[in-house]
> 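Pasting a structure below so you can have a look.
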Amino acid sequence: MQLNFIPIDFDYVDVNDKSVIRIFGRTADGKRCCVIDNCEPYFWLLPKAGVDLQEYAKKVSKVELEHAGRHAIVTRVEIKDKKFLGKDVKALQVFVQNPKDIIVIKDAVKRMRETEAKKEIDINFVTRYIIEKNVRPLMLHAVQGKELSKDEVKKKGWDLNVDIIVEASSIKFLRDESFEPKILAFDIEASEFEVGKGQILMISLADKNIQKVITWKHFSNAPNNIEFVHDEVALIKRFKEIVKEYKPDCLVGYFSDGFDLPYLKVRADKHKIKLNLGLDGSSITFLRGIIPSSKITGLVNIDLYKFISNIISPILQSETLSLGDVARELIGEQKVEIDLSKITRQLQKGDNKINWKRYCLYNLQDAVLTAKLFAQLWPNIAEMAKIVNEPTYNVSRASYSQLVEHYLIHNLKQFNEICANRPTREKILERRARGKYVGAFVFQPKPALYERIAVFDFRSLYPSIIISFNISPASLQSTAKNAYTTPQVEFGKKKKIFYFNKTRSFIPILLKKLIDTRKEVKKSLKRKRTPILEARDYGLKTLSNATYGYYAFFGARYYSIECAASITAFGRYFLRKVIDEINKAGFGVIYADTDGIAFTLGKKTEKQALNFLAKLNRNLPEDMELELENFYTRGIFVTKRTGEIGAKKKYALLVKDGSMKIRGFETVRRDWCNISRKVQDKILGMILKEGSADSSLDYVKGVISDIRNMKIPVEDLIIRTQLKKGVEEYVAIGPHVAIAKKMLQLGMPVGAGSLIEYVVAQGKQKGKKAKAKERIREKARLPDEVKQNEYDSDYYIEHQIIPAVEHIFAIFGIPKEQLLESKKQRKLHEF
DNA sequence: GCGCAAATGATACC
DNA sequence: ACCGGTATCATTTGCGC
């Protein structure tokens with residue numbers, strides 16, 4: 001029979017000592033299917049120089065071992081001409097019966113005197129299969145094979161909850177066809193925040209066609225979508241039942257790897273309920289790493305929080321990655337918050353006045369928002385999976401470095417390349433201990449208010465450098481012959497020069513392919529904007545930008561600090577070159593950082609600037625391009641807090657439409673309180689629009705007087721700082737750490753990653769001197785502990801308002817003292 | 001106990 | 001451990017006196 005289907009999830013299991021691949025997917029007519037296929041596991045051996053390959057192969061082919069109850073044998077060995085890091089090598093392809101045997105056999109063959117190195121022992125078997133059989137996750141395939149009856153499948157010891165099972169004889173990629181998975185979003189609420197404590201109170205489920213809360217907390221006047229069960233046992237069982245009946249392709253949660261699923265597992269274990277949600281009846285498994293994750297066979301379990309924090313967060317404005325913040329930004333829905341810690345406290349005290357209906361609806365809201373967020377982000381997950389050719393499950397949890405690596409691994413075949421090994425633990429330690437190399441150049445601005453500004457920037461600077469100068473570990477060579485020569489590459493004080501062969505190597509070629517594909521996507525986007533094309537564009541862009549960082553990442557297979565440092569060296573060279581040329585052309589460079597340059601037009605026109613831009617581009621390498629970022633009416637650059645020199649990475653520009661581009665200022669920093677951010681934003685706007693500081697001075701004085709008169713709502717005085725590690729790990733106990741400790745004592749859920757909120761209140765010390773000496777952490781309070789007349793107005797004026805505005809006024813010659821004078825006094829002075 | 005520089009820590013830029 | 005270096009700034013820590 002032939003079946004057209006879309007692969008969604010992959011796994012492999014042993015059948016009679018052999019590993020078989022199972023692909024779970026959807027058929028063209030929407031049925032859930034499982035395709036069973038084979039793949040021969042293998043790895044590579046590189047021989048030492050002068051080794052008799054035939055003899056060596058013979059010797060390797062005889063390897064046979066007993067290990068962990070398995071009889072591991074080499075099934076056959078082939079001698080192949082391959083490439084490793086671009087160089088020709090002879091290699092033995094060593095086939096085994098079961099991927100598990102690789103780990104056993106590689107140790108035996110590694111010890112042979114003929115063996116120089118072993119390769120590709122750490123390639124995941126699913127990845128191996130996808131490469132060998134040219135399968136493309138989430139795209140349409142035709143499978144030829146035999147349909148298996150339920151009975152035949154049972155003989156393999158499986159009970160598969162799918163509609164069709166096919167044993168493949170061949171599998172063929174057909175085309176990229178857009179696919180929307182059937183999903184079930186879920187969210188649990190529990191009586192405690194810590195996994196292992198308390199019990200599950202309710203579980204919500206949501207998709208387009210379902211919105212449901214299951215709870216064992218009974219109450220009257222419940223809406224239809226609330227289903228009551230007897231107890232927690234019935235709750236978990238009902239959850240399982242719904243998941244099994246609904247048959248989603250993806251089970252979606254928000255922070256579900258970190259909370260919902262581990263919690264569910266602990267409670268299920270406690271009640272001796274099997275959490276066998278897998279399509280083969282298997283239980284959910286947890287991978288314990290630094291970042292725990294969970295896997296359900298056949299059912300792609302997606303933790304949207306992970307995907308967002310890994311892949312989407314760089315473009316988010318949200319100050320936290322909480323479901324509420326992210327949903328507001330991405331889908332424009334405001335989450336209705338309730339006080340969860342209050343409910344927890346009430347439950348602990350046995351207080352019965354909990355509004356269960358409201359709590360249930362809150363719970364449902366989370367599941368619904370998760371479902372909506374998924375709908376929004378699915379194109380991003382799917383397009384990324386298609387670009388790198390890895391299964392959805394892996395992609396949804398991968399960091400950019402992993403994605404870059406997946407992309408490379410899946411494309412080595414066309415270069416006949418053997419994959420580099422993953423670094424050993426020792427290697428990682430060594431790499432992490434290495435000194436830093438010099439990165440980008442940042443131009444020191446002169447503090448002032450500027451008019452008529454243009455900003456040019458390099459389009460994808462680092463990727464274009466990698467491509468232009470063929471920067472890769474495979475092209476690095478020791479002589480200048482037929483090579484690109486780097487500018488001075490700096491490692492601290494040491495300076496070096498590197499040479500990269502001019503024959504294009506696989507990483508720059510693959511990177512160029514990403515960029516060329518993106519150009520095509522951009523063209524299509526011009527014709528018609530679709531979420532899929534936008535997601536593809538985003539994926540291609542971010543992946544190509546991540547390649548430079550990948551070279552410098554200690555966990556990378558293709559780690560090369562020489563490459564990373566060469567890239568930044570070229571970057572500095574071209575940025576400086578363009579700065580010089582802009583100045584020479586009669587413009588005035590104000591500022592530059594990494595790949596962008598801001599300069600004043602002076603007496604020149606915008607058109608002249610654009611003509612000059614075209615001229616600059618004619619002198620750049622083909623794959624490099626300088627673009628106009630924008631023209632600005634005005635811009636302000638300030639001094640550093642200490643000294644008179646201009647602060648880098650801190651400026652505000654006024655766009656012609658009246659909007660502002662603000663970088664680095666307190667306004668854009670989440671660890672400053674709202675009032676200081678608001679005041680700074682306001683005066684930056686006033687100054688940039690008016691070209692003077694006249695009206696903003698009065699405005700600031702007004703705010704200072706309001707603070708002094710205790711008129712500012714405590715809410716605007718909250719300082720938010722993230723806890724980057726566990727409370728006990730801190731050497732310096734800052735205000736947020738002190739507050740976190742207090743919160744822990746109160747039984748509130750606090751740990752690494754929590755955003756700690758506090759307000760600085762009046763201290764206990766009396767007398768001006770003693771007051772000033774009291775540590776800020778001693779005066780820090782939880783926001784709801786501080787009444788309107790209790791905040792420390794001096795602190796907010798001196799530490800939050802003045803620092804945020806002082807250096808802006810300094811541009812106009814207005815000293816700090818003048819800000820502190822009252823409005824009236826100033827008027828008297830004027831008379 | 002005081003005043004200071006160094007250390008620690010968070011966040012942003014690109 | 002889950003992309004890099006560059007940069008600013010607040011607050012605490014700890015040293016010398």
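Proteins come first, then strands; the chains are lettered A, B, ... in the order of their sequence lines, and each starts at number 1.
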> What integer distance in Å separates A:R434:CZ from C:dC3:C1'?
11 Å
> A:R572 has an atom CZ; how far is it from atom P of C:dG4, in whole Å?
17 Å
> If you take all heavy atoms of A:A552 and A:Y437, which pair is closest and at what distance?
CB-OH, 3.5 Å
> Expected output is a numbered-order residue list: members of residues 554-571 of chain A with a heavy atom under 4.0 Å from any atom of DNA chain C. What is it?
A:F554
> Tell me what A:A552 touches on the nucleic acid: a base, only sugar-phosphate, or nothing, going by heavy atoms under 4.0 Å.
sugar-phosphate
> Would you call A:E785 and A:K742 a salt bridge, taking side-chain N to carboxylate O under 4.0 Å as the test?
yes
> Rounded to the nearest angstrom, tell me the gap between atom OH in A:Y550 and atom P in C:dA1.
18 Å
> Nearest whole angstrom, please: distance from the P of C:dG5 to the CZ of A:F491.
11 Å
> Can a donor-acceptor pair be found between the side chains of A:S472 and A:S475 at a distance below 3.5 Å?
yes
> Go along nucleotides 7-12 of chain C 5' to 3' and tag each nucleotide: B for a protein heavy atom under 4.0 Å from its base, S when only backbone or sugar atoms are that close, - otherwise.
SSSSSS
> Side chain of A:V438 only, heavy atoms from C-beta on: which candidate in C:dC2, B:dC13, C:dT6 is closest?
C:dT6
> Hey, what bend do you get for the helix from B:dG1-C:dC17 to B:dC14-C:dG4 if you fit axes on five pairs at each end, rounded to 10°?
20°
> NA contact type, A:Y730, heavy-atom cut-off 4.0 Å: base, sugar-phosphate, or nothing?
sugar-phosphate
> Could you tell me whether A:Y437 contacts a base, only the sugar-phosphate backbone, or nothing, with contacts defined as non-hydrogen atoms closer than 4.0 Å?
sugar-phosphate
> Should A:S399 be listed as having a side-chain N or O under 4.0 Å from OP1 or OP2 of C:dC3?
yes
> What is the distance, rounded to the nearest whole Å, between atom CD1 of A:I756 and atom C1' of B:dA10?
13 Å
> Would you classify A:G549 as touching base, sugar-phosphate or nothing, given that sugar-phosphate means primed atoms plus P, OP1 and OP2, and contacts are heavy atoms under 4.0 Å?
base
> Taking CZ from A:R663 and C1' from C:dT6, how many angstroms apart are they, rounded to a whole number?
16 Å
> What pairs meet the side-chain hydrogen bond (donor to acceptor under 3.5 Å, both in side chains) rule with one or both residues in residues 453-471 of chain A, with sequence neighbours excluded?
A:R459-A:E625
> Tell me: OH of A:Y651 to C1' of B:dC13, nearest whole Å?
8 Å
> Is there a side-chain contact between A:H736 and the phosphate of B:dG9, meaning an N or O under 4.0 Å from OP1 or OP2?
no
> Output side-chain donor-acceptor pairs under 3.5 Å for residues 729-738 of chain A, partner residues at least two apart or in another chain, one line each.
| from | atom 1 | to | atom 2 | distance (Å) |
| --- | --- | --- | --- | --- |
| A:E729 | OE2 | A:G726 | N | 3.0 |
| A:Y730 | OH | A:K724 | N | 2.9 |
| A:Y730 | OH | A:K725 | N | 3.4 |

> Do the side-chain N or O atoms of A:T594 get closer than 4.0 angstrom to the phosphate oxygens (OP1, OP2) of B:dC14?
no
> Take the protein atom CD1 of A:I471 and the nucleotide atom P of C:dG4, then report the distance between them rounded to whole Å.
18 Å
> Only pairs at least two apart or in different chains count here, so list each salt bridge (Lys or Arg N to Asp or Glu O under 4.0 Å) that has a residue in residues 553-572 of chain A.
A:D122-A:R557, A:E405-A:R557, A:E490-A:R572
